[in-house]
There are 2 protein chains.
Amino acid sequence: MPKPTTFGQFLRESREAKVATDRTFSLRKVADRVGIEPSYLSKIERDEQPPPGEGVIRLLAQDLSEDPDVLLALAGKVSSDLLAIIRTRPRLFADLIRQLKNMPDHAVLRLVREVRDGSW
Amino acid sequence: MPKPTTFGQFLRESREAKVATDRTFSLRKVADRVGIEPSYLSKIERDEQPPPGEGVIRLLAQDLSEDPDVLLALAGKVSSDLLAIIRTRPRLFADLIRQLKNMPDHAVLRLVREVRDGSW
DNA sequence: CACGGTGTGTAGTAGTTACTACACACTTTG
DNA sequence: CAAAGTGTGTAGTAACTACTACACACCGTG
């Protein structure tokens, strides 16, 4: 277990890295842009509150230029568009994902590329 | 849109098919085995109530010999073990799944087999 | 005709999710 | 030194999730 980073920690670190060179990344400014209460964001960043909903997470990801899927994962969630895809063919995707569970990254990555390039 | 079957419809049909030849598949008996109130199951089968939680869905699937992933999908959910797998490598799985979104069944299936057989 | 078994109607609820509103104290800036 | 901006503490809540408890009416069987 190398990095058990929490959602809050990740957010705070990402934001503080940016606020160092860009004052528009104060907690309040970000909260305002994203449309939530500053106190709410404060508690989230300190992991005092559970992560927000998917919509807010997406807005935060965009504002902080982070990957939405990574942020969602840290929040213990999975993007709703992925869920929708899986639900259209549950058996197929369930089988595939369970089989890839223990495959090394590079193997899965190769699969992704093969599919993308249509070289199969 | 050929079959917009609902979770409740599916359950009821599956159960009624079985009760025809096996009296132990009455609504009450199933509810008892699964550990929920008969009235609750009744409402679920008539789609008067939203589908139950994952745990109950799994028990129903087992009792009715149905595929849990299919039942979960009909309930608008995705198995929590799949979610856990995806969350360990969000970018990887997100990419893969989004790319497979529009692939035909047989193509995805081939992928599943290739991975399973380790023939790659 | 009582009695076990059938499905269903009504009412209620504890717990979780996803937040808001406002006040406060401190710090920097003009 | 006032004003603007900073993060945080306290309190509250509307909507949803996932159910339970119980009563009722019906229906076939012994």
Side-chain angles (χ1 to χ4, degrees), chain A residues 6-61 63-64 68 71-80 83, chain B residues 6-61 63-64 68 71-80 83:
Chain A
T6 69
F7 181 80
Q9 281 166 20
F10 188 91
L11 260 199
R12 171 139 298 187
E13 277 162 32
S14 173
R15 190 182 58 75
E16 298 222 307
K18 287 170 186 67
V19 83
T21 62
D22 185 342
R23 294 180 209 79
T24 73
F25 282 93
S26 79
L27 187 149
R28 267 164 195 274
K29 297 262 174 68
V30 171
D32 284 358
R33 280 196 299 269
V34 164
I36 59 175
E37 284 287 317
S39 63
Y40 185 38
L41 180 54
S42 170
K43 277 174 286 188
I44 288 168
E45 285 194 354
R46 286 173 295 125
D47 297 303
E48 202 197 288
Q49 286 261 310
E54 179 167 345
V56 169
I57 292 178
R58 296 207 113 87
L59 291 169
L60 285 170
D63 200 81
L64 299 174
L71 238 49
L72 283 166
L74 284 170
K77 315 191 186 216
V78 171
S79 180
S80 56
L83 300 183
Chain B
T6 69
F7 180 80
Q9 280 166 21
F10 188 90
L11 260 198
R12 171 140 298 190
E13 276 162 34
S14 172
R15 189 182 58 76
E16 299 222 307
K18 287 170 187 66
V19 83
T21 64
D22 185 343
R23 295 179 209 79
T24 73
F25 282 93
S26 78
L27 186 148
R28 268 165 194 273
K29 298 262 175 66
V30 172
D32 284 357
R33 280 195 300 269
V34 164
I36 59 174
E37 284 287 316
S39 64
Y40 184 38
L41 180 53
S42 171
K43 277 173 288 189
I44 289 168
E45 284 194 355
R46 288 172 294 123
D47 297 303
E48 203 198 284
Q49 284 261 313
E54 179 167 346
V56 169
I57 293 178
R58 297 208 111 87
L59 292 168
L60 285 170
D63 200 81
L64 299 173
L71 239 49
L72 284 166
L74 283 170
K77 315 194 188 215
V78 171
S79 180
S80 55
L83 300 184

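Quick note on labels: first sequence line is chain A, next is B, and so on, each numbered from 1. Fair warning: this is a prediction, and the values are worked out from it, not measured in the lab.
Listed pair A:Arg15 / D:dG7 meets the phosphate criterion, a side-chain N or O lying under 4.0 Å from OP1 or OP2. Phosphate proximity of C:dT6 to B:Lys29: present, with a side-chain N or O under 4.0 Å from OP1 or OP2. Phosphate contact (OP1/OP2 of C:dA18, side-chain N/O of A:Lys77, threshold under 4.0 Å): present. For C:dT29, the OP1/OP2 oxygens have no side-chain nitrogen or oxygen of A:Arg23 closer than 4.0 Å.
Judged purely by atom type and a 3.5 angstrom limit, A:Asp47 uses its side chain to pair as donor or acceptor with the backbone of A:Gly8.
Within 4.0 Å (heavy atoms only), A:Gln49 reaches at least one base atom of the nucleic acid. A:Gly35 comes within contact range of the sugar-phosphate backbone alone, with a heavy-atom separation under 4.0 Å but no base atom that close. B:Pro50 comes within 4.0 angstrom of no nucleic acid atom, judged by non-hydrogen atoms across all strands. Looking at heavy-atom distances under 4.0 Å, A:Ser26 makes contact with sugar-phosphate atoms alone, never a base.
Between A:Lys77 and A:Pro52, the closest heavy-atom pair is NZ-O, 3.3 Å.
Checking C:dA21, C:dC19, D:dA21 against the side-chain heavy atoms of A:Val56 singles out C:dC19 as nearest. For A:Lys43, whose side chain is taken as the heavy atoms from C-beta onward, the closest listed nucleotide among C:dT8, D:dT8, C:dA21 is C:dA21. Relative to the side chain of B:Glu37, the nucleotides C:dC19, D:dG9, D:dA21 differ in distance, and D:dA21 lies closest.
Atom pair B:Glu54:CD and D:dA18:C1' shows a separation of 14 Å (rounding to whole Å applied). B:Ile57 has its CD1 atom 8 Å from the P atom of D:dA18, to the nearest Å. Rounded to a whole Å, the NZ atom of A:Lys18 is 19 Å from the C1' atom of D:dT6. Taking atom CD of residue A:Glu48 and atom C1' of nucleotide C:dA18, one finds them 15 Å apart after rounding to whole Å. For the pair B:Asp47 CG and C:dT8 C1', the interatomic distance rounds to 15 Å; values are reported in whole Å. Following rounding to the nearest Å, B:Glu45 (CD) and D:dC19 (C1') show an atom-to-atom distance of 16 Å. Per the geometry, CG belonging to A:Leu41 stands 14 Å off C1' belonging to C:dT20, to the nearest Å. Atoms CD1 (A:Ile36) and P (C:dA21) sit 13 Å apart, rounded to a whole Å.
In terms of position on DNA chain D, the residue among B:Tyr40 and B:Arg28 whose nearest nucleotide sits closer to the 5' end is B:Tyr40. Map B:Phe25 and A:Pro51 each onto its nearest nucleotide of DNA chain C; the residue landing nearer the 5' end is B:Phe25.
Using a cutoff of 4.0 Å between basic side-chain nitrogens and carboxylate oxygens, B:Glu45 and B:Arg15 are scored as salt-bridged.
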Take A:Ser14 and A:Lys18, measure what side-chain hydrogen bond (donor to acceptor under 3.5 Å, both in side chains) needs, and give me the verdict at the end. CA-CA 7 Å; A:Ser14 173; A:Lys18 287 170 186 67; 3.1 Å; yes
Test A:Arg12 against A:Leu27 for side-chain contact (heavy atoms from CB on, under 4.5 Å), laying out the working first. CA-CA 9 Å; A:Arg12 171 139 298 187; A:Leu27 187 149; 3.6 Å; yes
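Considering CZ of B:Arg28 and CG of B:Leu41, their distance stands at 11.0 Å, rounded to 0.5 Å.
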